[in-house]
Structures are given as C-alpha cells and as structure tokens.
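Ligands are counted one by one from 1 in listed order, and the atoms in each one are counted from 1 as well. Just so you know, these numbers come straight off a predicted model, no measurement behind them.
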Amino acid sequence: MSNEAGMSTEANLSDVSDVLAIDSLLSAEERTVRERVRDFTNQRIRPGIAGWYEDAVFPLELAPELGELGVLGMHLEGYGCPGRSAVEYGLAAMELEAGDSGVRTFVSVQGSLAMTAIHKWGSEDQKQEWLPRMAAGELIGAFALTEPTAGSDPASMKTFARRDGSGDDAGWILDGAKRWIGLASVAGVLVVWAMTDDGVRGFLVPAGTAGVTATPIGQKLSMRASIQCDITFDAVRLGPEALLPAARGLRGPFSCLNEARYGIAWGAMGAARDSYEAALAYSQERLQFGKPLAGYQLTQEKLVNMVLEIQKGTLLALHLGRLKDAGRLRPEQISLGKLNNVREALAIAREARTILGGNGITLDHSPLRHAANLESVRTYEGTDEVHTLILGQHITGLPAFR
Ligand SMILES: Cc1cc2nc3c(=O)[nH]c(=O)nc-3n(C[C@H](O)[C@H](O)[C@H](O)COP(=O)(O)OP(=O)(O)OC[C@H]3O[C@@H](n4cnc5c(N)ncnc54)[C@H](O)[C@@H]3O)c2cc1C
C-alpha cells in the first residue's frame, strides 16, 4: 500500500470519537493507511451493506479490490504480500469492521488464517503457488478447523488423514466433516486441519478435489453478508505435496488463530465506533419532548459511556499492536484484548440501538446489524469463555478447561 503524499491527516481527526487524541500516537504513515481503508469503507462497503445483509450475500467482487487496497495478508512479507506493520493491519481491520464485520471477517480468513498458515508452515513451492494470487484477491482461501462436534476443543477433532501407500511419495486419504468454515464454497484452496497417526497436521486441498463438498449455512441471524459452510470430506485423495510440512500439532492452527484474534481486538472497536457515531448523529437530530435526544442527561450518559469504552479499547488495541510490532505480544495478552474489546463493542452496539428507538431495528441504521454480527465475533476465534479460561489459567496457574 503506497503512502499517499500530501494526504491531510488533521482533517480526519474526529473530536467526538477521539476525545483523547489517540490519533496523535500514530505515525503519519499509519494514519495514511487508515485513511485509505476508511475511504474504501465509505465508498465500497457502506453504500451496499444493507442490501447485502438483507439478501445474505457476500460481495465477491470486493475480493480483488481488497487485494488492490493491500489488506490481504497485510502483515506478511514477500510472495506479493504487502508487508505492513501489525498496527497498520489493526487499523485496517478497525476501518473495515466499521463498515461490516463480514468484510473484516473475509480479510481475517483470507490473510490471518489461510495465508498465514501457508506463509508460516508451507513449503517454498506451496508459498509460490498460492500466496501471490491470494494477496491479489484473485484466489480465495479457507481455514477449516472447527467440526460439528469439535469447536472450543479442537483436539477432539474427528477428521482423519491416513497414509495412502508407503514411502516418500505416499499421499493421503482424508475423511471427515468441518462446520462454520468461512468462504469454503468459493475458495480456490482449503487449509484443512486433520488428525493423523502423527498428531494434527495441515493440508492444502485445492477447489474441485473429488470427494469435497462445501455447503453454505443458511438462515443466519448474524454475519449475513458473509459465507460460512459445512464441508464433508469423503475419501479425498491428496498427493504428498498437499501436506503443510512445518505444521505439527495444534500449534499449527493456533498460531494462525492468534493472528486473527489480534485483528479482532481492533476490528470490534470499528463496529463500536460506527454504532456510537450513528447514535450520536441521530440523537442530535431527533426531537422528543421539544428538544434533541442528545440534550437529555440520560442520553448523554449512554453516549459518554460508549466513548469511554471505545477510547479504552482502542488504546488497548494499539498497545497490543506496538507489542506485536516489537515481537513481544503474548497469547494471553491477545486473549485480554479480544475478550474485552468484543464484549464492550457488543454492549455499545446494543446501547446505541436504544437511542435509535424503533428506527434502530431496521437496516437503515448500523448498530443492530453490528450487534448481531458481534454475537458471531464473540463466538469465533475463541469464545468469551475460552479466553476467560486462558486468562484464568495465566493468573492462577490452574487450568480449568476440563
Ligand atoms: C460466523 C462464524 C464464522 C466462523 N468461521 C470459522 C472458520 O473460518 N474456520 C473455522 O475453523 N471455524 C470457524 N468458526 C467456528 C468457531 O470458531 C466456533 O463456533 C467456536 O470455536 C466455538 O465452537 P462451537 O460453536 O462448536 O461451540 P462450543 O465449543 O460447543 O461451545 C458452546 C458454548 O460452550 C462454552 N464452552 C465450551 N467449553 C467450555 C468450558 N470448558 N467451560 C465453559 N464453557 C465452555 C463455549 O464458550 C460456548 O459458550 C466460525 C463460527 C462462526 C459463528
């Protein structure tokens, strides 16, 4: 992503959403990246999102545009990837999620999950084959870990890959099922995590491989402008080149999940900020009992509580980003950010909806759409309970998962 010289950053400072001037903690380059993504959200997501959400479609035409914007595999180096910092990636996630969590989820699944798995654990040939097209948004990736009976506890997965023959050129036969897999029905490549005789391993399964069926999950009340699928693997034959050579055990998928969870800590604050701004604007125009809703103390308290949590959550995300860029971010710190920021964002989106009254239950306004989306966000990439258990173990030394 280029640094567009001459772009005004002062003009984009928003006093009402950034009382603390957190913007002043960002470099000029970081603000430039943020403004580019904010412009994209305003021009390409906001105008269409109500329709996509109502029709339950993900606008696939955005994929190459997001590639062009430089947000796919944003933090990865080489192979056509943008190679930006963790803070820049976080700022992009925040701006995209101010548009809709579904679009930020697309970027997370593509970049933080599928591309990170290949970049971190793939062979040189695998990286050359898949990453440049994925960075450009020409090819979509999916990351298949969750199963119908294995969600919070992926170690209990039943999908199994057994050796097909013997010797170095032996391939694999994959059987099993996955659930809730983002983008699987439109993906060119699936990163599939499966149990083997040697523990959990990762496999790259190209689209169209015989025995793979991906079926979009319908009737969703959340994340409607995005795709999640059930997948079945029925005696799927894979060559030896399908194996991600460097990933062994659950550390393989977990390291990718940490990347996505980090982005969510930022993204949730985007949904929260957009909800707050929608409620603030409405409260200044809507007259009841002879004056604007914003003029009542009860409304002001709601708005002030929102801005307090948005500012604290944004500072928290920025702190995580600075730690990550310094190579010092630890998993329990990511858990703290994801747990807190999604929890607060959900509360803010719901409270914002109350200010909009009855009008707030339509797609004319964003807060209830954000709230519905954030129900998914609190569930995927580790539920509230899982992150609480991770932090509980960290502070007490006592694992309470089972
Ligand atoms: C929109 C969406 C997109 C997704 N995208 C993907 C994707 O791309 N790839 C992928 O692999 N997965 C994806 N997922 C799946 C997601 O990661 C799982 O839903 C999540 O891990 C939770 O698993 P589960 O739904 O099976 O719930 P369960 O694990 O069955 O949990 C149900 C409830 O029990 C609680 N619980 C579980 N264990 C404990 C415990 N020890 N103590 C107390 N409470 C506990 C949970 O916190 C939760 O509240 C997606 C999910 C959604 C909704």
Side-chain angles (χ1 to χ4, degrees), residues 53 56-58 97 100-117 134 140-159 176-187 189-195 200 202-203 205 214-233 247 250 252-261 263-264 267-268 271 335 338-339 342-343 346 369-393 398-402:
Y53 202 87
V57 293
F58 175 75
E97 197 146 357
D100 191 73
S101 303
V103 180
R104 197 272 307 142
T105 296
F106 173 84
V107 168
S108 294
V109 169
Q110 177 84 349
S112 299
L113 296 177
M115 290 176 72
T116 296
M134 294 173 85
I140 292 173
F143 182 93
L145 178 65
T146 305
E147 302 193 351
T149 57
S152 301
D153 179 19
S156 65
M157 72 172 67
K158 296 197 176 89
T159 298
K178 297 284 176 182
R179 181 160 169 80
W180 288 117
I181 307 310
L183 305 167
S185 57
V186 295
V189 63
L190 309 173
V191 178
V192 181
W193 301 97
M195 195 60 78
V200 173
F203 298 88
V205 181
T215 310
I217 296 172
Q219 299 194 323
K220 289 183 299 178
L221 297 171
S222 169
M223 288 285 182
R224 289 179 58 78
S226 77
I227 302 168
Q228 287 82 33
C229 296
D230 278 308
I231 313 181
T232 55
F233 303 98
L250 280 173
F254 281 174
S255 65
C256 306
L257 294 179
N258 273 333
E259 295 292 335
R261 291 167 176 179
I264 288 169
S335 288
K338 199 263 181 186
L339 175 61
V342 178
R343 179 193 277 171
L346 183 53
R369 172 171 53 78
H370 285 309
N373 284 336
L374 288 163
E375 289 290 345
S376 287
V377 181
R378 78 187 299 202
T379 294
Y380 66 35
E381 300 296 346
T383 63
D384 286 4
E385 292 78 10
V386 163
H387 289 297
T388 301
L389 291 168
I390 291 170
L391 286 162
Q393 177 172 0
L398 300 170
F401 288 90
R402 55 186 84 241

Check: Of all the atoms in ligand 1, which lie at a distance below 4.0 Å from a heavy atom belonging to G182?
Finding: 7 (C), 8 (O)
Note to self: Please list, in number order, the atoms of ligand 1 under 4.0 Å from a heavy atom of Y380.
What the structure shows: 1 (C), 2 (C), 3 (C), 4 (C), 16 (C), 17 (O), 50 (C), 51 (C), 52 (C)
Do me a favour and list the nearest non-hydrogen protein atom to [atom] with residue, atom name and distance?
atom	result
atom 27 (O) of ligand 1	S152 OG, 4.4 Å
atom 41 (N) of ligand 1	F401 O, 3.0 Å
atom 25 (O) of ligand 1	T379 CG2, 4.4 Å
atom 26 (O) of ligand 1	G151 CA, 3.2 Å
atom 46 (C) of ligand 1	T383 OG1, 3.7 Å
atom 6 (C) of ligand 1	W180 O, 2.7 Å
atom 17 (O) of ligand 1	T146 OG1, 3.5 Å

Checklist line | Cationic N near anionic O, under 4.0 Å, R179 to E147 | finding: no
Note to self: Can you list everything that forms a side-chain contact (heavy atoms from CB on, under 4.5 Å) with S101? Sequence neighbours excluded, please.
What the structure shows: E97, M223, N373, V377
Next item on the list: Using heavy-atom distances, let me know which of R402, R224, E385 sits nearest atom 45 (C) of ligand 1.
Entry: E385
Next item on the list: Decide whether an N or O pair under 3.5 Å exists between F143 and ligand 1.
Entry: yes
Notebook entry, point to check: Nearest 0.5 Å, what's the CZ-CZ distance between F106 and F58?
Noted result: 5.0 Å
Margin query: Return the OH to OG1 distance between Y380 and T146, rounded to the nearest 0.5 Å.
Written below: 12.0 Å
Is [atom] less than 4.0 angstrom from at least one protein heavy atom?
atom	answer
atom 20 (C) of ligand 1	yes
atom 37 (C) of ligand 1	yes
atom 1 (C) of ligand 1	yes
atom 30 (O) of ligand 1	no
atom 9 (N) of ligand 1	yes

Margin query: I'd like to know whether ligand 1 has L389 as a neighbour, heavy-atom separation below 4.0 Å.
Written below: yes
Indicate every side-chain donor-acceptor pair of residues 149-156 with a distance under 3.5 Å to a residue at least two apart or in another chain.
| from | atom 1 | to | atom 2 | distance (Å) |
| --- | --- | --- | --- | --- |
| T149 | OG1 | K158 | NZ | 3.0 |
| S156 | OG | D153 | O | 2.7 |

Next item on the list: Check the pair I217, W180 against side chain to side chain contact (heavy atoms under 4.5 Å, CB included), reporting the backbone distance first and the verdict last.
Entry: CA-CA 8 Å; I217 296 172; W180 288 117; 3.7 Å; yes
Next item on the list: Have a look at I140 and tell me which of I227, L190, L183 forms a side chain to side chain contact (heavy atoms under 4.5 Å, CB included) with it.
Entry: L183
